[in-house]
Amino acid sequence: MNSSTQQGGPTVVRIVLGTQLRRLREGAGISREKAGEHIRASHAKISRLELGRVGFKERDLEDLLTLYQVTDPAERAALLDLVKPANVRGWWQQDGDLLPSWFEMYLRLEQEAAYIRTFQVQFVPGLLQSEDYARRVILAGHGAESAYEVDRRVRLRMNRKKMLVEPGGPQFWAVIDEAALRRPFGTPEVMRDQLEHILEMSELPNVTVQVLPFTAGSHAAAGGPFTLLRFAEADLPDVVYLEQLNSAVYVDKRSDVEDYLGVIEQVSVQAMTPAESRAVIREMRDRW
């Protein structure tokens, strides 16, 4: 395991450690069911560990390494040394009670990504939302909650987007359907401010925004919105995130990811150029 992996964020460490465990388990010819029984857990727990979706207990890791016949002290120590960095809490966990587990996993991946590409139809992408627009979107889905809880959700979303303006932030490329920019969430002032915010964000060197106009007609991403995440770590595969009403799907099989990559490439060609997109967004802003 190289030193750059050990210097990565907790999600990188979790996934790399999980991958190592899967390789060791398969190399020892042991099933997930047997591994789960050995640490007093289910095969599903082993699957989550190997995918890097949960933290690690040192005792469980020690027991698994023994089961997989990893006896070399240096190799065991190198893997056990990753437990602590793998369990570092994310910045969002002070509001973790607001987050379903399937979305917390996305936040972990998003924070580690070097490159994020997204296609959105219904809303402006979360990383490009202004505070007032975000509040309106959140109220649409959580209107029964107290003002305090809504405020917490808004704060969480605003904190999430800070990574775009921080040193070393990811490259973010959004293709936004024209419908998402014309669908009103809030007053004309809220929409004007939101469109102005997109224009400001699109001036950042690491942010690209394209508009897919109605005139494009049918398009390659007719199946719906999705986000593709790519990581600097060679050990981490690209991941496609598909959000559903009460759950999410994470796609990392190479052939499936390549299908989505082909779709986002086609949609990017069908969309307006970044310069044309900015001009259209200015026109929309001025008409509100």
Side-chain angles (χ1 to χ4, degrees), residues 1-94 96 99-115 168 170 228-241 247-258:
M1 191 165 301
N2 59 45
S3 60
S4 63
T5 294
Q6 297 183 47
Q7 294 170 359
T11 302
V12 170
V13 178
R14 279 189 185 187
I15 294 175
V16 173
L17 180 52
T19 299
Q20 295 292 327
L21 281 179
R22 177 179 57 78
R23 291 172 180 165
L24 290 169
R25 177 181 59 76
E26 292 176 347
I30 294 171
S31 68
R32 287 195 180 95
E33 287 77 10
K34 184 176 179 180
E37 291 173 2
H38 194 71
I39 62 168
R40 305 153 297 281
S42 67
H43 68 90
K45 171 73 175 291
I46 297 298
S47 179
R48 290 193 294 271
L49 286 170
E50 292 180 353
L51 290 170
R53 294 183 179 175
V54 292
F56 291 82
K57 294 180 180 178
E58 187 168 329
R59 175 186 172 187
D60 288 345
L61 183 55
E62 287 180 334
D63 289 347
L64 288 173
L65 293 178
T66 299
L67 178 65
Y68 301 159
Q69 300 180 16
V70 179
T71 58
D72 179 71
E75 184 177 3
R76 289 178 68 96
L79 292 168
L80 288 167
D81 282 348
L82 296 180
V83 171
K84 186 174 181 179
N87 291 334
V88 171
R89 290 168 58 86
W91 58 262
W92 59 85
Q93 289 186 315
Q94 63 180 343
L99 301 172
S101 59
W102 51 265
F103 187 65
E104 181 178 351
M105 180 60 188
Y106 175 75
L107 287 182
R108 287 189 173 277
L109 292 171
E110 185 180 73
Q111 290 295 306
E112 305 286 358
Y115 193 56
L228 191 149
L229 305 167
R230 177 164 290 173
F231 307 91
E233 287 286 338
D235 289 314
L236 301 188
D238 294 349
V239 174
V240 174
Y241 172 74
S247 63
V249 174
Y250 294 88
V251 178
D252 60 5
K253 184 179 177 182
R254 180 173 297 180
S255 60
D256 292 337
V257 171
E258 287 177 352

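All residue numbers refer to positions in the sequence shown, counting from 1. Note that this is a predicted model, so its numbers are computed, not measured.
- Counting heavy atoms from C-beta on, the side chains of Val239 and Val257 never come closer than 4.5 Å.
- Shown here for Pro10 and Pro85, the closest heavy-atom pair between the two residues is CB-O, 3.3 Å.
- With rounding to the nearest 0.5 angstrom, the CE atom of Met105 is 14.0 Å from the CG atom of Leu99.
- Listed for the Arg230 side chain is no donor-acceptor partner under 3.5 Å among the backbone atoms of Asp238.
- Shortest non-hydrogen contact noted between Asp60 and Lys45 is OD2-NZ, 3.9 Å.
- Taking CG of Asp252 as the start and CD1 of Ile15 as the end, the distance is 9.0 Å to the nearest 0.5 Å.
- From Leu61, atom CG reaches atom CD of Gln20 across 11.0 Å, with rounding to the nearest 0.5 Å.
- Shown here is Arg40, whose CZ atom has more than 12 heavy atoms of other residues, nucleotides or ligands within 6.0 Å.
- For the residue pair Tyr241 and Ala248, the shortest heavy atom distance occurs at CE1-CB, 3.4 Å.
- Between the Tyr250 side chain and the Tyr106 main chain, a donor and an acceptor come within less than 3.5 Å of each other.
- Under the 4.5 Å side-chain criterion, counting only non-hydrogen atoms from C-beta, Leu109 is in contact with Phe231.
- Checked against Glu50 for a salt bridge (charged side-chain N to carboxylate O under 4.0 Å, His left out), the options Arg25, Arg14, Arg22 give a single hit: Arg25.
- Between Ala113 and Leu229, the closest heavy-atom pair is CB-CD2, 4.2 Å.
- Considering only heavy atoms from C-beta on, Ser47 comes within 4.5 Å of Arg32 through its side chain.
- Counting all heavy atoms, side chain and backbone alike, Ala35 lies closest to Leu67 at CA-CD2, 3.8 Å.
- When side chains are defined from C-beta on, Val240 does not count as touching Asp256, because their heavy atoms never get closer than 4.5 Å.
- Side-chain contact between Val83 and Val13: absent, with no pair of heavy atoms (C-beta onward) separated by less than 4.5 Å.
- Contact annotation: the side chain of Ile46 approaches that of Leu64 to within less than 4.5 Å [non-hydrogen atoms, C-beta and beyond].
- A salt bridge does not link Arg108 with Glu112: none of the charged nitrogens is closer than 4.0 Å to a carboxylate oxygen.
- Closest heavy-atom contact between Leu21 and Tyr68: O-CE1, 3.7 Å.
- To the nearest 0.5 Å, the span separating OG1 on Thr66 from CZ on Arg76 amounts to 4.0 Å.
- The CG atom of Leu79 lies 10.0 Å from the CG atom of Asp72; values are rounded to the nearest 0.5 Å.
- In this structure, Glu58 and Lys84 have side chains that are not in contact, with every pair of non-hydrogen atoms separated by 4.5 Å or more.
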